[in-house]
Amino acid sequence: MPSPTPQPTASPPKAPSSGGDAALDSLLSREYEHGFVTEIESELAPLGLNEDIIRLISSKKDEPQWLLDWRLAAYARWLKMTPPTWQNVKFPPIDYQAAYYYAAPKTKNAPKSLDEVDPKLLETYEKLGVPLHERARLAGVAVDAVFDSVSVATTYRSQLAEKGILFCSFSEAVKDHPELVRQYLGSVVPVTDNYYSALNSAVFTDGSFVYIPPGVRCPMELSTYFRINAANTGQFERTLIIADRGSHVSYLEGCTAPMRDENQLHAAVVELIAHDDATIKYSTVQNWYPGDENGKGGIYNFVTKRGKCAGVRSKISWTQVETGSAITWKYPSCILLGDESVGEFYSVALTNHRQQADTGTKMIHIGKNTRSTIISKGISAGHGQNTYRGQVRIQRTATGARNYSQCDSLLIGDNCGAHTFPYLEVHERSAVVEHEATTSRIGEDQLFYCRQRGLSAEEAVSLIVTGFCKQVFRELPMEFAVEATKLLGVSLEGSVG
Amino acid sequence: MSAAVEPLLEPLLEIEDLHVNVGDKPILRGLTLKIGPGEMHAIMGPNGAGKSTLAHFLAGREGYVHVSGTVRFQGRDLLVMPPEERARAGVFLAFQYPVEIPGIGNQYFMRTALNAQRRGRGEEELDAADFIKLIREKQRLVELPDAMLKRSVNDGFSGGEKKRNEMLQMALFEPVLSMLDETDSGLDIDALGTVGKVVRSLRNAERGFLVITHYDRLLSHLEPDFVHVLSAGRIVKSGGRELAQELEEKGYGWLVEGQA
């Protein structure tokens with residue numbers, strides 16, 4: 001990201017508060033549903049971060065020497081880096097020595113099958129609505145369940161293997177498919193891309209690995225469910241998805257964490273590679289614990305996600321629904337290298353209470369006739385601060401490139417903020433770049449109109465917000481769209497004020 | 001008050017000496033009005049007389065200061081009810097400027113609203129199939145094209161389409177008390193005829209109407225029982241249908257002078 005020069009910033013228009021607002025208020029203060037803690041014995045690395053901790057993580061995972069060297073090199077670089085300060089969020093400096101970098105539920109041996117997985121873990125996922133057991137599994141969705149620093153189970157593996165699809169935890173991929181990991185790891189997000197990606201490269205623990213062979217259309221949704229459970233730990237997962245020539249995959253991730261008074265750091269790196277004619281659709285429903293209504297606790301979600309459209313006519317589509325986390329800092333991006341490749345970014349980001357989000361995307365057009373679409377919907381309520389930051393860069397080589405960006409902000413109440421920082425860099429004459437932005441407040445007029453037709457203020461707000469987000473929700477797989485709509489309703493509770 | 005016949009039944013709406021301010025400014029200043037079941041009342045009057053304030057205040061819009069006076073709807077204190085409860089009890093306002101709600105399909109909105117009203121009255125909700133049957137029937141009445149049902153609520157509708165859409169909702173909800181706030185403004189002759197058709201389809205011995213307008217031409221389609229002139233927040237003259245025609249000829253000056 002370039003350093004920001006402030007662009008037009010919208011602060012909420014002042015309007016007389018109304019009874020509708022009082023109703024919105026109560027709507028916006030419902031409790032976080034996934035805030036429970038699983039009582040399970042954990043194996044923790046010693047507190048803090050140094051080379052020995054990295055060696056310990058690497059040996060716990062039985063990693064080859066090259067990977068340990070890669071981690072140590074990343075760590076050395078990280079030590080010399082400083083955290084970014086350009087983002088439009090505020091938080092006290094993080095003490096990196098006060099966290100645990102490895103936490104794993106205690107088991108005798110690695111479970112060979114689901115029957116050997118600790119029932120407490122299975123129960124946890126069941127409670128989160130992601131049952132892993134054969135009889136209760138989500139139909140048509142294969143799940144990799146990551147609990148703190150380790151993957152505890154991956155479903156439907158054998159069915160996928162029949163088609164040559166590899167879907168496993170990152171740790172297993174390092175053991176079973178080292179050549180693929182070594183070839184692609186860090187190839188999209190370089191170690192030193194940014195402060196948090198360097199940290200992740202040094203200490204990443206687990207995550208998911210996907211490889212779709214040439215010409216294969218993945219028959220089911222692949223998904224990873226991330227759960228932070230242990231206190232004072234950071235979660236640093238690493239996800240790598242490779243879609244070979246002419247393949248197609250749709251991948252989803254969900255995230256939750258217990259309610260805790262301390263802030264916890266989640267610094268993930270996700271890398272996607274799409275070869276010729278391949279399509280990757282990556283959807284996120286992010287519901288990390290957002291902190292309480294006074295801003296105490298919550299997850300710092302500092303994530304680097306990037307996809308490379310390496311091949312001709314390849315396509316990478318990001319859809320994100322960001323409702324959780326105390327602070328969100330993420331810019332799922334596309335490098336459009338292959339001619340006629342396509343990048344898409346659909347985002348709903350909601351900040352309520354004291355939540356802060358600085359999120360958006362980067363579309364880097366390098367290949368000819370590359371196309372990108374950005375649809376960003378920011379909703380701010382309570383004292384929430386919501387920033388869209390997006391870069392569209394058309395390189396000299398990208399003749400005939402096209403981009404369309406639309407950034408809409410919706411304000412609920414008088415104390416929140418919406419900010420838009422678009423960076424458009426066009427170095428090629430034949431390119432067409434369009435940017436549209438709107439800021440609106442849930443109007444008293446709209447609320448009154450709905451209430452005059454018999455809807456309560458809550459129903460009215462939820463209806464208006466759903467309408468606002470529709471362009472993004474329709475990009476989500478069906479059952480997740482329903483989930484996202486519900487989640488938005490819950491996250492908005494108590495916002496009308 | 002008027003020379004008109006006193007209604008025999010318990011009034012549907014009973015407004016007694018109502019005073020309402022916007023901020024410090026008095027808008028309604030001692031308004032008294034009774035609407036009995038089956039009756040249609042028209043309110044006319046010069047700009048700024050308080051006509052739209054009356055309709056919005058009765059529908060429960062925020063931002064008005066209730067200074068004194070009472071409003072009873074079917075014997076209940078209307079002013080303690082939130083807007084949605086008034087709607088569920090059968091109070092409907094056809095807006096002069098209907099609001100746009102992008103992203104929400106018109107038909108979906110109407111079904112959600114109708115079912116919220118039915119829930120509020122303890123009635124069973126309509127399923128999608130029954131609703132479609134119902135909306136088709138009402139749609140014929142207002143001649144709103146299919147495309148308007150699929151599009152977002154009022155989003156990109158012309159002025160006339162918005163008014164037809166209000167009429168469609170009125171026909172659908174079958175309110176006990178329908179208030180029309182300058183529904184005729186910006187409508188062509190055909191659309192005026194549609195308003196008349198919808199109102200006639202709803203008129204019966206139980207339902208009441210409060211029609212706010214500047215012009216006699218809408219009233220010729222509606223045939224109100226009573227016509228009132230509102231000026232400076234008070235009803236200064238009441239009469240029958242002929243009063244509207246008189247106003248059309250003479251204007252308001254002869255009534256308003258020396259009032260405010």
Side-chain angles (χ1 to χ4, degrees), chain A residues 14-27 346 348 375 377 379 406 408-410 414 436 438-475 481 484-485 488-489 496-497, chain B residues 22-23 55-65 81-106 108-121 123 151-155 162 165-166 168-170 172-173 175 179 181:
Chain A
K14 290 281 177 213
S17 66
S18 68
D21 282 358
L24 272 173
D25 245 345
S26 71
L27 178 73
Y346 299 96
V348 166
I375 307 286
K377 304 280 181 175
I379 302 160
Q406 182 189 335
D408 298 322
S409 306
L410 188 67
D414 297 339
E436 286 179 28
T438 66
T439 302
S440 54
R441 187 178 186 272
I442 285 199
E444 224 178 306
D445 285 352
Q446 281 179 326
L447 268 185
F448 177 59
Y449 188 78
C450 294
R451 295 179 79 188
Q452 209 303 300
R453 299 303 188 240
L455 301 172
S456 67
E458 285 88 345
E459 290 168 326
V461 168
S462 135
L463 191 78
I464 293 165
V465 169
T466 304
F468 180 74
C469 298
K470 193 172 189 174
Q471 269 175 299
V472 174
F473 283 176
R474 70 176 176 215
E475 297 297 325
T485 308
L488 212 60
V496 184
Chain B
V22 172
H56 282 99
F57 180 75
L58 292 177
R61 186 175 198 123
E62 323 275 342
Y64 298 106
V65 184
M81 296 158 70
E84 59 270 29
E85 215 178 293
R86 299 181 198 196
R88 291 165 191 173
V91 176
F92 178 85
L93 171 63
F95 285 68
Q96 186 181 0
Y97 303 109
V99 179
E100 303 183 357
I101 310 175
I104 293 299
N106 201 17
Y108 174 77
F109 175 75
M110 286 190 234
R111 189 173 137 218
T112 307
L114 180 63
N115 280 333
Q117 294 182 23
R118 294 177 69 101
R119 265 201 316 277
R121 293 193 293 261
E123 297 166 12
R151 277 163 58 182
S152 297
V153 181
N154 292 319
D155 197 10
K162 284 181 182 172
N165 199 36
E166 292 292 284
L168 177 58
Q169 293 180 58
M170 192 168 90
L172 182 68
F173 300 149
M179 299 189 287
D181 186 11

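Not measured: the values here are computed from a predicted model. First the proteins, then the strands, lettered A, B, ... as listed; each starts at 1.
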Region of [X] in contact with chain A, defined by heavy-atom distances below 4.5 Å:
X: B/Asn154; value: side chain
X: B/Arg118; value: neither
X: B/Pro175; value: neither
X: B/Arg61; value: both
X: B/Glu100; value: backbone
X: B/Ser152; value: neither

Mutual orientation of the aromatic rings belonging to A/Tyr449 and B/Phe109 [parallel < 30°, tilted 30-60°, perpendicular > 60°]:
parallel
Working to the nearest 0.5 angstrom, can you tell me the gap between [X] [atom1] and [Y] [atom2]?
X: B/Tyr108; Y: A/Thr466; atom1: OH; atom2: OG1; value: 7.0 Å
X: A/Leu455; Y: B/Gln117; atom1: CG; atom2: CD; value: 8.5 Å
X: A/Arg453; Y: B/Gln169; atom1: CZ; atom2: CD; value: 4.5 Å
X: B/Glu84; Y: A/Gln452; atom1: CD; atom2: CD; value: 10.5 Å
X: B/Ile101; Y: A/Ile464; atom1: CD1; atom2: CD1; value: 5.5 Å

Output the option from B/Val91, B/Ile104, B/Leu114, B/Asn115 having the highest count of non-hydrogen pairs under 4.5 Å with chain A.
B/Ile104
Taking all heavy atoms of A/Gly454 and all of B/Ala87, pick out the closest pair and write down the distance.
N-CB, 3.5 Å
List the atom of A/Phe448, the atom of B/Pro83, and the distance in Å for their closest heavy-atom pair.
CE1-CB, 4.3 Å
